[in-house]
Amino acid sequence: MESLTTSRNGFLRGLLGTLGVFLLSGIGKAWGTAPGDAGHGKRPLKPGEHRWGMVIDLDKCTGCGSCVVACSTENNLALGNPQEAAMGRIIRWLKILPSQEGEFPAPKQRLLPMPCQQCDTPPCTKVCPVYATFRNEEGIVGQVYSRCIGCRYCLNACPYTCKDFNWKAPVWPKEMQASFNPDVSIRPKGVVEKCLFCHHRLQRAKEEAVAEGRPLRENDYQPACAEICPAKAIVFGDLNNNDSDAANLSKDPRAFHLLEELGAEPKVTYLKEGA
Amino acid sequence: MKDLAAAVLSLAFIGLVWLLLAGYQSGSKKQPVAYNHKKHIALGLECAGCHTGIADGKARGGLPTVEVCAACHTSDDENPRAKAVRDYVSANKPIPWKKVYNVPTHVYFSHRRHVGLAKLDCALCHGDMSKVEAPVTRQAVTISMARCMGCHHRMKVTNDCLACHK
């Protein structure tokens with residue numbers, strides 16, 4: 001028994017080692033020009049011109065869950081099943097976190113929509129050993145699934161539990177397989193995934209802006225959750241633009257951030273209810 | 001000793017995978033019709049005349065439909081080497097071209113952005129097609145991340161991972 005496990009470990013070690021070299025040599029070519037010198041689109045878009053952020057008004061939020069559904073279809077999230085739910089393995093990039101204050105007979109239920117908080121100093125990116133997760137110049141915390149090795153350090157580092165691991169390859173009922181969003185790839189088993197503020201919509205919006213030879217306008221780019229919210233509780237926009245609703249609301253007296261004391265500097269701001 | 005054996009074994013395994021992948025890459029995708037770019041371009045045809053969906057980035061609009069060929073390869077055409085095309089035209093059946101240039105599903109590439117808007121020359125990414133006489137069965141200019149990023153670097157376009165990876 002002993003020898004069986006050690007030899008298997010030896011095999012795995014050898015395999016991982018060689019695979020590692022293999023991977024590194026492949027990506028090495030690209031590293032030369034990689035992230036540091038990332039200039040930004042030459043025409044209308046300048047470096048660091050935008051800083052995307054979101055404001056969620058808890059007074060307006062009714063907890064209806066539209067945002068969760070819109071997010072899941074937009075980003076090709078699998079439905080999941082009761083067994084996975086029991087193991088806590090359902091993947092939702094945007095969750096509604098319930099919390100209860102007070103006891104029966106007068107409990108007070110609070111519901112808090114929770115996408116990736118898109119931190120300005122993200123704890124998750126610091127622990128990634130392979131640069132699969134990073135914060136880009138416009139403040140969006142990215143995840144490159146093809147680069148991810150599934151170590152889950154980032155998942156553990158995230159104080160907001162906004163990263164999910166694919167324990168198995170996602171499955172969909174046959175009826176749904178013709179309706180994937182082609183702008184978002186299907187994540188394979190073994191990688192971590194997360195909310196990217198629907199970054200693919202930004203790509204489309206930028207392309208439109210270039211086509212029309214104009215700068216990106218406020219509201220050209222809205223993530224699916226903000227677009228769908230029937231109560232207009234989710235406001236999305238450019239925090240660098242002083243005229244944007246998102247920038248103004250994030251300075252509202254009711255504004256607060258989740259776990260502010262950790263210093264992750266989230267770009268998702270909440271507006272207190274009943275204040 | 002065991003470690004050595006394991007390493008040898010895993011190297012052999014990786015070699016095998018490598019061979020399989022290489023075979024897949026060159027896996028000469030045979031085209032259904034012996035199409036000749038040189039002859040058609042010499043007739044003065046524009047790329048966009050046949051590759052109609054390219055400039056506006058239509059999904060799957062890249063490879064020509066049989067209607068495009070039907071404009072010239074009618075029943076009056078007696079060229080024996082074009083018989084295969086006429087057969088498709090008279091049966092009005094789509095020609096099952098094999099797509100040779102592909103990016104993986106996790107990469108976002110837009111011809112509209114590069115050709116329609118930035119007006120880049122096709123030859124930068126596909127080589128000089130006006131010299132190509134055989135049907136395209138392999139990439140004349142290999143698609144690789146290093147090439148994409150190299151050009152972006154030179155042209156001061158973003159190299160943010162999120163721009164290309166979805």
Side-chain angles (χ1 to χ4, degrees), chain A residues 3 6-19 21-22 26-43 45 47 131-132 134 136-138 140-147 181-188 196 199-200 202-204 206-207 210-211 213, chain B residues 1-18 21-22 55-61 103-120 142-166:
Chain A
S3 74
T6 44
S7 75
R8 201 210 280 125
N9 282 344
F11 174 78
L12 276 178
R13 227 180 304 133
L15 184 66
L16 283 177
T18 25
L19 262 181
V21 172
F22 185 71
I27 195 125
K29 283 178 279 168
W31 279 120
T33 52
D37 49 15
H40 235 278
K42 28 161 206 160
R43 275 177 293 159
L45 326 158
Y131 200 78
F134 50 86
N136 81 0
E137 282 177 332
E138 303 194 357
I140 297 180
V141 178
Q143 184 92 24
V144 175
Y145 310 120
S146 54
R147 183 73 180 145
N181 180 355
D183 286 348
V184 180
S185 66
I186 308 276
R187 281 78 59 190
L196 305 173
H199 183 272
H200 54 283
L202 175 59
Q203 286 306 108
R204 292 275 177 193
K206 281 183 177 170
E207 189 167 305
V210 173
Chain B
M1 192 54 213
K2 270 186 198 125
D3 271 10
L4 185 71
V8 168
L9 207 68
S10 47
L11 264 179
F13 171 73
I14 280 162
L16 194 73
V17 171
W18 185 280
L21 280 177
D56 36 289
K58 289 221 183 71
R60 310 234 135 252
V103 290
T105 51
H106 56 77
V107 172
Y108 172 72
F109 177 81
S110 156
H111 269 109
R112 183 180 179 225
R113 194 77 195 260
H114 291 87
V115 181
L117 303 176
K119 309 280 182 230
L120 296 177
T142 316
I143 296 177
S144 78
M145 173 158 143
R147 266 203 84 249
C148 309
M149 290 181 91
C151 179
H152 280 202
H153 182 64
R154 281 192 303 281
M155 301 193 68
K156 307 225 173 342
V157 180
T158 181
N159 262 336
D160 174 12
C161 315
L162 275 184
C164 302
H165 287 278
K166 54 182 191 179

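Here is the naming used below: chain letters follow the sequence lines, and residue numbers restart at 1 for every chain.
Contact of the Cys161(B) side chain with the Tyr131(A) side chain is registered, since non-hydrogen atoms from C-beta on lie closer than 4.5 Å. Using a 4.5 Å heavy-atom threshold, the side chains of Glu137(A) and Asp160(B) count as separate.
Of all heavy-atom pairs spanning Gln203(A) and Ala163(B), the tightest one is NE2-O, 3.6 Å. Taking each heavy atom of His199(A) and Leu162(B) in turn, the nearest pair found is CE1-O, 3.2 Å.
Only the side chain of Leu196(A) comes within contact range of chain B, with at least one heavy atom under 4.5 Å from a heavy atom of that chain.
Taking CZ of Arg112(B) as the reference point, atom CZ of Arg204(A) lies at 8.5 Å (rounded to 0.5 Å).
With hydrogens and angles ignored, the 3.5 Å screen pairs no side-chain donor or acceptor of Lys166(B) with any backbone N or O of Val144(A).
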